[in-house]
Number of protein chains: 2
Amino acid sequence: MQRRKRLLDTEAILDAALAGIDATGRLTMAGLAARLGVSASSIYHHFSGRTAIVEALRERMATAIDPPPLDGSDWGEQVGRWMRGYRRALAAHPALIPLLNEQTMTAGSVLLGYERIAVLLRGNGVPLREVVLWISVLDCYALGAALDLAAPDEVWRPERDDLPTLGDAITAAPRGRERADEAFDVGLDALLTGLRGRLTPPLAAGPPARRAAPGR
Amino acid sequence: MQRRKRLLDTEAILDAALAGIDATGRLTMAGLAARLGVSASSIYHHFSGRTAIVEALRERMATAIDPPPLDGSDWGEQVGRWMRGYRRALAAHPALIPLLNEQTMTAGSVLLGYERIAVLLRGNGVPLREVVLWISVLDCYALGAALDLAAPDEVWRPERDDLPTLGDAITAAPRGRERADEAFDVGLDALLTGLRGRLTPPLAAGPPARRAAPGR
DNA sequence: ACCTGAACACCGTTCAAGT
DNA sequence: ACCTGAACACCGTTCAAGT
């Protein structure tokens, strides 16, 4: 009889954790242990604790997102593609989103996307000081959209009769996942158009018109 | 000696809960009871449980937001003002935000704001079917901005050396609360400009120019 | 009607003990 | 090196018992 077989490894633990989150919406050490058929304390030989598991799941999720390729195509297209990819990766496991939101991000993969976006913005004339502001805006929107994705189907249930317009609008609009998808696209377009508008201020406005573009 | 004085009432409980959240960032029944100088089980005579307390705090927070007045002024201005008010109310107690986010909203006060916004959008030509999409977008952005507000001062800490542009941008940008405030305004402006652009499509662009505006 | 203490089921984490 | 059972400190909630 050979040496006792290894019962656990990090991959198996992460698989079980994600499966459990998808199935139950929660992650408890006891539940995870039961799902793995081991004792709860065994898990601590592979992860320092619950938060480390969640952080590893964030990293795994992030590898599914292609960072902007910096291939010379339009920056708005690239940012838009990345944001959509980010959201798609989150949408694959909506129940994971609240867990990700309850602890600060330390994973590197998402940061690479933001680095690429910083390069794009700089290359298109966004002042260095403002780059972080723009990224913050994108991050806020992505985070909010992720929360929206994790929310129950009926987000607002107007119980009162004195909200007639909202009620009509809700019945006329798509519901559930479809509503979230369409809203995300509408908002992302609006955001990018608005930001693009800040880039090239109206030709005959603003005090210093020092940055005239002679080429083209 | 008169009849034993009432030790607890809902207002005192909510005051203590909010003070405790501001001070510690958490809300536990035991901690709340200690702060009130009573037993934990006493609280259940005034609230059905912890979630009911959080929901009452949401309602209290919401009363600090003035809904759009529908006074005939520009819709973008009104929506912008309301979004800023919403965020200001949240910013007064940032530690409350994660607690609000972990349970679905059932409070009515925020819904009144959305009803007013629905009226504004309809009155300015947004198709009924799209009203909910626009409101979803605003809601996503407000939610994300709230999360950003609750996040620690340093949101992204690029530990690696291969993120030079992001690192430079971070050192050049404002930090902490100031960064969050400026970013919120930049994004809100961009969002509203972008949405406004959808309302009146570019005069000489897009395939069908069927909706030409003769005036002007 | 309001408050209490004890109890319950459930968390994450630690650690001495086994193999 | 890896796994276990028992224990610990801490959750939210319930309930019979007091006044």
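In what follows, every chain begins at residue 1, and chains take the letters A, B, ... in the order their sequences are listed.
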Look for any protein N or O under 3.5 Å of an N or O in nucleotides 13-16 of chain C and output each such pair with its distance, or none.
from	atom 1	to	atom 2	distance (Å)
C/dT13	OP2	A/Tyr44	OH	2.9
C/dT13	OP2	A/Arg50	N	3.0
C/dT13	O5'	A/Tyr44	OH	3.3

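- Between the CZ atom of B/Phe47 and the P atom of C/dC3 there is a distance of 13 Å, given to the nearest Å.
- By the side chain to side chain donor-acceptor pair (under 3.5 Å) test, A/Glu11 is found to be paired with A/Arg60, residues two or more places apart in sequence or in another chain being considered.
- Taking a cutoff of 4.0 Å between a charged side-chain nitrogen and a carboxylate oxygen, A/Asp189 and A/Arg196 do not qualify as a salt bridge.
- The aromatic ring centres of A/Tyr114 and A/Trp82 sit less than 6.0 Å apart.
- Residues meeting the side chain to side chain donor-acceptor pair (under 3.5 Å) test with B/Arg50, sequence neighbours left out: B/Glu102.
- Remark: the backbone N or O of A/Gly85 is not paired with any side-chain donor or acceptor of A/Arg81 at under 3.5 angstrom.
- With rounding to whole Å, A/Leu27 atom CG is found 11 Å from C/dC11 atom P.
- Residue pairs meeting the salt bridge (Lys or Arg N to Asp or Glu O under 4.0 Å) criterion with at least one member in residues 82-91 of chain A, sequence neighbours excluded, are A/Arg84-A/Asp185, A/Arg87-A/Asp181.
- Separating the CG atom of A/Leu99 from the C1' atom of C/dG12 is a distance of 15 Å, rounded to the nearest angstrom.
- Distances shorter than 4.0 Å separate none of the side-chain N or O atoms of A/Ser39 from OP1 or OP2 on D/dC3.
- Pairs engaging residues 17-35 of chain B under the side chain to side chain donor-acceptor pair (under 3.5 Å) rule: B/Asp22-B/His93 [sequence neighbours left out].
- Counting only Watson-Crick and G-U wobble pairs whose two key distances fall under 3.5 Å, DNA chain C forms stems of three or more stacked pairs at C:4-8 with D:12-16, C:12-16 with D:4-8.
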